[in-house]
There are 2 protein chains.
Amino acid sequence: MLIRIDPASPAPLFEQVAASVRRAIADGGVAPGDRLPGARDLAASLDLNVHTVLRGYQLLREEGLIELRRGRGAVVVADGGRRGRLQEVVRALVVEARRLGVSTDELVTLVTKEMG
Amino acid sequence: MLIRIDPASPAPLFEQVAASVRRAIADGGVAPGDRLPGARDLAASLDLNVHTVLRGYQLLREEGLIELRRGRGAVVVADGGRRGRLQEVVRALVVEARRLGVSTDELVTLVTKEMG
DNA sequence: ACCTATTTGTCCGTATGTATG
DNA sequence: CCATACATACGGACAAATAGG
């Protein structure tokens with residue numbers, strides 16, 4: 001579970017924490033069911049405040065990537081066939097865009113901006 | 001713009017703040033374009049910490065109900081039309097993409113292909 | 001059933017950064 | 001240039017849920 005932070009980066013620290021975990025999950029470095037390091041432990045090892053780590057974790061929870069429970073910590077969510085779900089959402093998006101007469105370029109811009 | 005808080009309620013204070021504003025918007029007490037009270041002012045009048053109010057405001061921003069900008073404060077979003085709906089779908093898409101570790105490029109490709 | 005340690009959740013306080021007007 | 005107001009990060013305290021003995 002490799003998590004690294006660049007204090008010089010313009011990206012907020014809590015966002016870097018979340019991004020780091022996201023990547024670890026995507027890479028398979030951590031599997032569904034695995035437990036992430038406790039917020040205090042991770043904060044100590046990264047030399048961050050507990051709140052900063054916790055905020056990153058809570059971001060991931062809102063995205064549905066992890067579960068957070070008191071006394072138990074952060075656990076990576078079991079991820080079923082979500083690839084199909086992504087296609088569904090893409091289709092829904094295109095339907096909505098067409099209805100509004102939004103061009104492909106405009107739509108791509110919207111999506112890109114939201115991805116950050 | 002009537003916002004009240006019950007310190008005895010089990011609901012978190014920041015959630016009560018958000019709920020209060022939500023209701024005000026729904027009731028028409030505040031119209032799109034209206035500015036909400038500054039976080040510090042509201043915190044003072046409710047006898048809360050600035051962070052608590054700000055957290056409530058940020059919740060509302062994530063829901064797309066208000067805009068928060070430095071130096072300007074919190075403004076109720078002009079919504080109504082479908083444009084907001086499109087934005088919602090874009091957000092949902094991005095959340096799903098992140099969950100899967102799909103890159104911006106990959107996502108753009110998917111969307112572009114679906115647009116034809 | 002009880003107690004204790006662990007771990008996140010909320011809230012407060014303070015300081016500094018940064019976009020807006 | 002300056003005042004305003006949100007954004008991030010640090011710190012500390014206590015509450016509440018969970019797990020284990």
Side-chain angles (χ1 to χ4, degrees), chain A residues 1 3-22 25 30 33-78 113-114 116, chain B residues 1 3-21 25 30 33-78:
Chain A
M1 180 68 211
I3 298 190
R4 255 189 282 106
I5 294 303
D6 175 15
S9 164
L13 299 176
F14 72 88
E15 182 58 60
Q16 292 187 47
V17 170
S20 204
V21 176
R22 257 184 236 118
I25 294 177
V30 287
D34 284 359
R35 192 180 168 284
L36 298 181
R40 275 169 186 77
D41 294 347
L42 185 55
S45 80
L46 294 178
D47 196 31
L48 296 179
N49 191 278
V50 191
H51 292 126
T52 307
V53 173
L54 232 19
R55 188 167 171 189
Y57 277 9
Q58 284 168 358
L59 207 59
L60 295 169
R61 178 183 50 187
E62 282 167 27
E63 294 168 9
L65 278 174
I66 67 175
E67 270 186 11
L68 284 177
R69 314 255 308 253
R70 289 167 174 163
R72 239 180 17 131
V75 177
V76 177
V77 149
K113 194 170 299 183
E114 189 72 22
Chain B
M1 181 66 212
I3 298 189
R4 254 188 284 110
I5 295 301
D6 175 15
S9 164
L13 300 176
F14 71 87
E15 184 55 60
Q16 292 187 48
V17 170
S20 204
V21 175
I25 293 177
V30 287
D34 283 1
R35 192 179 169 285
L36 298 181
R40 274 166 188 78
D41 294 347
L42 184 55
S45 81
L46 293 177
D47 197 30
L48 296 179
N49 190 279
V50 192
H51 292 319
T52 308
V53 172
L54 233 18
R55 188 166 172 190
Y57 276 10
Q58 284 167 358
L59 206 63
L60 295 169
R61 178 183 49 187
E62 282 165 27
E63 294 169 9
L65 280 174
I66 68 175
E67 268 186 13
L68 284 177
R69 315 258 303 255
R70 292 166 171 158
R72 230 180 27 129
V75 177
V76 177
V77 153

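Lettering follows sequence order; numbering is per chain, from 1.
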- Measure from CD on A/Q58 to P on C/dT7 and round the result to the nearest Å. 16 Å

- Given side chain to side chain contact (heavy atoms under 4.5 Å, CB included), test B/L48 with B/V17 step by step and report yes or no. CA-CA 10 Å; B/L48 296 179; B/V17 170; 4.0 Å; yes

- A/R55 (side chain) donor-acceptor with A/L13 (main chain) under 3.5 angstrom: no

- Any chance you could measure B/I5, atom CD1, to B/E15, atom CD, to the nearest 0.5 Å? 10.0 Å

- Query: How long is the line joining CG of B/L68 and P of C/dT20, in whole Å?
  - Reply: 13 Å

- Query: Quick one: on DNA chain D, does B/R69 or A/F14 contact a more 5' nucleotide (nearest heavy atom)?
  - Reply: B/R69

- Message: Looking at every non-hydrogen atom in both residues, tell me the closest pair between A/V50 and A/A39 and how far apart they are.
- Response: CG1-CB, 4.1 Å

- Query: Whole Å only: how far is the CZ atom of B/R35 from the C1' atom of C/dG21?
  - Reply: 12 Å

- Given that A/A11 and A/H51 both sit by DNA chain D, which one's nearest nucleotide is further toward the 5' end? A/A11

- According to a strict under-4.0 Å criterion, is B/T52 in side-chain N/O contact with OP1 or OP2 of C/dT10? no

- Query: Backbone N or O of B/S20 within a donor-acceptor pair of the B/R4 side chain at under 3.5 Å?
  - Reply: no

- Message: Measure CD/B/Q16 against P/C/dT10 and give the value in whole Å, please.
- Response: 12 Å

- Item | Spacing between A/L42 atom CG and C/dT6 atom P, to the nearest angstrom | 18 Å

- Starting at CZ of B/R72 and ending at C1' of C/dT20, how long is that distance when rounded to a whole Å? 8 Å

- Item | Separation of atom CD in B/E15 from atom C1' in C/dC11, rounded to whole Å | 15 Å

- Message: On DNA chain C, does the nearest nucleotide to B/L48 precede the nearest nucleotide to B/R40 from the 5' side, or the other way round? Give the residue.
- Response: B/L48

- Task: Determine: side-chain N/O of B/R55 to OP1/OP2 of C/dT10, distance under 4.0 Å, yes or no.
- Result: yes

- Residue among A/E67, A/R61, A/E63 satisfying side chain to side chain contact (heavy atoms under 4.5 Å, CB included) with A/L65: A/E63

- Message: Can you confirm whether more than 12 heavy atoms, excluding those of B/D6, are under 6.0 Å from its CG atom?
- Response: yes

- Task: Anything under 4.0 Å to a heavy atom of chain B counts; send over the first and last such nucleotide of DNA chain D, read 5' to 3'.
- Result: D/dT4 to D/dA9

